[in-house]
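Everything numeric here is computed off the predicted structure, so don't read it as measured data.
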Amino acid sequence: MTDASLHASTVYEDEASFGDYFALLKPRVMSLVVFTALVGLLAAPVSVHPVVGFCAILFIAIGGGASGALNMWWDADIDRIMKRTKKRPIPAGKITAPEAMTFGIALSGLSVIMLALATNIFAGAFLAFTIFFYVVIYTMWLKRSTPQNIVIGGAAGAFPPVIGWIAATGSMSLEPWLMFALTFMWTPPHFWALALFMRNDYDDAGVPMLTVTHGRRATRVHILAYTVLLAILAIGTGFTSIGGPVYMAVAVVLNALFLIGAVRIWRRDEDASEVDNFKVERSFFKLSLLYLFLHFGAILVESLLKPFGLGGW
């Protein structure tokens with residue numbers, strides 16, 4: 001990827017604002033990173049000083065934002081093509097690609113060093129690995145080389161609760177990896193639903209999403225298969241130490257709705273109108289956003305109730 005190719009059709013006339021740099025951090029994605037990391041930290045079986053906890057979440061958030069900035073730097077060429085991304089700061093001409101790269105690298109170093117100092121070296125090292133995985137393994141390699149890009153690359157978005165747990169305890173255990181697995185299995189149906197109703201974007205940009213390489217029918221089958229596996233995992237988690245009656249109630253209802261949505265997508269008639277298909281796929285995508293938030297919210301509630309003898313089984 002050359003500098004010339006990144007700037008071929010972009011004129012940078014206005015000085016970038018704070019909002020432009022903030023947009024580089026992918027704030028919507030960062031909000032999920034922050035929330036799942038917070039749940040991982042608070043669900044840990046140790047007490048964390050509020051100042052330490054705040055610093056941990058802040059630096060994990062900055063690390064997540066740094067990953068987003070580096071992702072936008074590398075993907076600036078395809079972001080200009082896709083309708084969903086063409087208004088991002090680089091293709092919109094607000095920030096140059098080298099500026100985004102420098103910004104992302106600086107924030108990466110800051111977040112890793114400060115998390116290590118505020119909590120422990122293990123947490124800082126794991127944050128560094130997460131940034132590397134998202135930027136190098138997913139963005140630079142998998143995204144443009146395989147339709148399994150979002151399956152394998154989804155691990156990067158599933159690491160935050162593990163980092164939060166390590167920041168609190170300084171060690172590994174089964175519980176954060178259950179939260180990791182929940183996010184990891186949720187990611188493919190979530191993004192494939194997006195790809196179904198945004199398929200032309202990926203076609204035009206040449207990104208080998210499953211919808212492009214295997215077609216819509218195969219993508220619908222994959223969504224259903226992953227949703228079934230996700231439901232088994234999510235409900236099974238309810239019987240572990242991070243589960244309980246509140247979590248189980250949420251998991252049963254949400255996974256029933258998610259399965260119904262996946263079956264509706266799977267049963268779609270490819271000859272039906274694009275408008276009808278769009279509504280079904282977009283509805284499932286919106287539900288997927290609520291799905292993960294409420295599962296982690298239920299885990300958080302269970303952990304907050306435990307000191308009062310109310311959480312867990």
Side-chain angles (χ1 to χ4, degrees), residues 18 21-22 24-74 98-142 152-184 187 241-242 296 299-300 303-304:
F18 171 81
Y21 278 98
F22 184 68
L24 276 180
L25 306 181
K26 292 190 174 181
R28 290 184 180 179
V29 176
M30 189 198 296
S31 65
L32 180 61
V33 168
V34 169
F35 183 61
T36 57
L38 178 65
V39 174
L41 184 140
L42 294 179
V46 296
S47 60
V48 178
H49 191 283
V51 174
V52 175
F54 172 80
C55 290
I57 298 304
L58 173 63
F59 298 131
I60 292 171
I62 292 174
S67 299
L70 291 171
N71 171 270
M72 288 196 193
W73 155 65
W74 187 262
E99 287 172 342
M101 180 188 68
T102 302
F103 184 58
I105 292 174
L107 289 185
S108 296
L110 173 69
S111 63
V112 168
I113 293 171
M114 294 306 296
L115 181 63
L117 292 174
T119 59
N120 56 76
I121 294 176
F122 191 14
F126 208 95
L127 177 60
F129 171 75
T130 300
I131 295 171
F132 171 83
F133 193 98
Y134 183 75
V135 176
V136 178
I137 303 299
Y138 169 66
T139 302
M140 295 183 178
W141 176 31
L142 295 173
I152 305 170
F159 284 134
V162 180
I163 302 173
W165 185 282
I166 295 173
T169 66
S171 63
M172 293 278 198
S173 65
L174 174 64
E175 291 87 348
W177 289 108
L178 288 171
M179 289 184 269
F180 167 90
L182 192 63
T183 309
F184 182 78
T187 302
S241 59
I242 59 174
F296 272 84
I299 293 173
L300 179 60
S303 67
L304 295 178

Between [X] and [Y], is any pair of side-chain heavy atoms under 4.5 Å apart?
X	Y	answer
Val39	Pro161	no
Leu107	Phe103	yes
Thr139	Leu70	no
Val136	Trp141	no
Ile137	Phe132	yes
Met140	Val135	yes

* To do: Go through the steps to decide whether Phe159 and Phe180 satisfy the test ring pair (Phe, Tyr, Trp, His ring centres under 6.0 Å), and finish with yes or no.
  => CA-CA 6 Å; Phe159 284 134; Phe180 167 90; 5.2 Å; yes

* Residue among Asn120, Leu115, Thr119 satisfying side-chain contact (heavy atoms from CB on, under 4.5 Å) with Ile166 -> Asn120

Which atom of [X] lies closest to which atom of [Y], heavy atoms considered:
X	Y	answer
Val52	Ala118	CG1-O, 3.6 Å
Ile299	Ala43	CG2-CB, 4.4 Å
Ala156	Thr130	O-CG2, 3.6 Å
Val112	Gly124	CG1-O, 3.4 Å
Met179	Gly40	CE-CA, 3.9 Å
Gly68	Tyr134	N-CE2, 4.4 Å

So how far is it from [X] [atom1] to [Y] [atom2], rounded to the nearest 0.5 Å?
X	Y	atom1	atom2	result
Ile152	Phe133	CD1	CZ	7.5 Å
Ile60	Thr36	CD1	OG1	8.5 Å
Thr169	Leu41	OG1	CG	9.0 Å
Ile131	Ile105	CD1	CD1	11.0 Å
Leu32	Phe296	CG	CZ	8.0 Å
Trp74	Met101	CH2	CE	10.5 Å

* Asked: Is the number of heavy atoms from other residues, nucleotides or ligands within 6.0 Å of CD1 (Ile121) greater than 12?
  -> no

* Asked: Are the side chain of Ser111 and the backbone N or O of Ser108 linked by a donor-acceptor pair below 3.5 Å?
  -> yes

* Where does the angle between the aromatic ring planes of Phe122 and Phe126 fall among parallel (under 30°), tilted (30 to 60°) and perpendicular (over 60°)? -> perpendicular

* Given the rule in the side chain to side chain contact (heavy atoms under 4.5 Å, CB included) test, do Leu182 and Leu178 qualify, once you have shown the distances and angles that lead to the verdict? -> CA-CA 6 Å; Leu182 192 63; Leu178 288 171; over 6 Å; no

